[in-house]
Undergrad: 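Supplied in structure tokens, the structure appears directly below.
In what follows, chains carry the letters A, B, and so on, assigned in the order in which the sequence lines appear, proteins first and then strands, with residues in each chain numbered from 1.
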Amino acid sequence: MADTTRIFIPTLYYRDPIAAIRWLEAAFGFELNSLVTDDKGRVGHSEMSYRGAVLSVHPEFSSPELLGPAQLKSPASLDGASCQFVRVAVESDIDAHCERARKAGAQITQEPLDEFYGERIYRALDPEGHVWVFAQPIRTVTFEEMEQATGLKFSTSLDEVKA
Amino acid sequence: MSEPKRPSLASCPCYRDPKAALEWLEKAFGFEPTMVILGDDGSLMHSEMRFGDGMIMVGSEWSPDHRSPVNIGGKNTQTIHVQMDSDIDGHCERARAAGAEILQEPETQFYGDRAYRARDPEGHIWTFGQTVEVMSPEQWDKVAGVTTKTRL
């Protein structure tokens, strides 16, 4: 497995994907790599990047043939509900990143704060209600230190989950 | 922490039963758990899974707005695409055997990737892709009648 490349690409659904791409550029500093549109200008696929990682912004989509009962919807179409969020690793100056996002209209649901697991984080909602968590590593913390700080049980194995 | 470096972006799907999801994702898709954090009552607080260079965080429905698809009528606000480098057909068979609903069988797409689409037991949709023929944007624009740009 060591030599293989397998990556996860978060794919987010928006009512207005073009507006979302513009906003993600302005607010979070993501860069557009490619945008595929049809002859009516509708977005078919897009890819943005941030510090070497990629994500896709797509329009809402329903298709009983391709998706069965599942539908791909913006949180804006589901009263703000989301089934996933995206965690973004910020290299430095996360407080400035947060201010830039706020200025662009992000709703900051958690102001920057230092967490026991050695990261400074903030949480934000984008204009269509997708949840984003930004995290900057600030110090190295061991499992033992985290267990002591929280009383939680840390493990790397599923066996302990089964126990 | 001796964990490998975390990628800059990580998807964090919500599950009604995240422990069952951890086990199922390992069995069906071959993801490896690398961190599991349990609360006093044994409930899963946080977890991380790796697949090659990729990482996801599997979690619970941690607020009223964070819901498993099974609790929002099967709808997905985000999905996860997994880009692989080998044996996508074998991967699909393994997933099917573990109970994945294969919404779209592996098929080579106009952009040169072989891809399949699956739904996990709580309704999260996953797409898997493997490049079998490297194509340029000009080539797929021509084949599919679309326009590919790098700027808005």
Undergrad: When Tyr122(A) is tested against each of Gln110(A), His97(A), Glu111(A) for side chain to side chain donor-acceptor pair (under 3.5 Å), which residue passes?
TA: His97(A)
Undergrad: Measure distances from Arg119(B) to the heavy atoms of chain A and classify the residue's part below 4.5 Å as side chain, backbone, both or neither.
TA: side chain
Undergrad: For chain A, which candidate among Thr79(B), Thr150(B), Val82(B) shows the most heavy-atom pairs at distances under 4.5 Å?
TA: Thr79(B)
Undergrad: Look at Glu105(B) together with Arg96(B) and state whether they make a salt bridge at an N to O cut-off of under 4.0 Å.
TA: yes
Undergrad: With only heavy atoms counted, which part of Val54(A) is less than 4.5 Å from chain B, the side chain, the backbone, both or neither?
TA: backbone
Undergrad: Mind telling me whether Trp132(A) and Phe134(A) have parallel, tilted or perpendicular rings, with 30° and 60° as the class edges?
TA: parallel
Undergrad: At a 4.5 Å cut-off on heavy atoms, which part of Leu152(B) comes close to chain A: side chain, backbone, both, or neither?
TA: both
Undergrad: Go through the atoms of Pro13(B) and report whether side chain, backbone, both or neither lie under 4.5 Å from a heavy atom of chain A.
TA: both
Undergrad: Less than 4.5 Å to any heavy atom of chain A: does that hold for the side chain of Arg67(B), its backbone, both, or neither?
TA: both
Undergrad: Check this for me: does any side-chain nitrogen of one of Glu31(A) and Arg51(A) sit under 4.0 Å from a carboxylate oxygen of the other?
TA: no
Undergrad: Tell me, for Tyr111(B) versus chain A, whether the close heavy atoms (under 4.5 Å) come from the side chain, the backbone, both or neither.
TA: neither
Undergrad: Could you tell me which portion of His124(B) (side chain, backbone, both or neither) has an atom closer than 4.5 angstrom to a non-hydrogen atom of chain A?
TA: side chain
Undergrad: Between Glu122(B), Gln130(B), Gln104(B), His66(B), who has the most heavy-atom pairs with chain A when the cutoff is under 4.5 Å?
TA: His66(B)
Undergrad: Do you know which of Ser8(B), Gly74(B), Gly54(B) has the most heavy-atom pairs with chain A at a distance under 4.5 angstrom?
TA: Ser8(B)
Undergrad: Which class fits the ring pair Phe8(A) and Trp126(B): parallel under 30°, tilted 30 to 60°, perpendicular over 60°?
TA: perpendicular
Undergrad: Count the heavy-atom pairs under 4.5 Å between each of Leu9(B), Asp40(B), Ile72(B), Thr127(B) and chain A, then report the option with the highest count.
TA: Leu9(B)
Undergrad: Contact part of Ser74(A) toward chain B, heavy-atom cut-off under 4.5 Å: side chain, backbone, both or neither?
TA: backbone
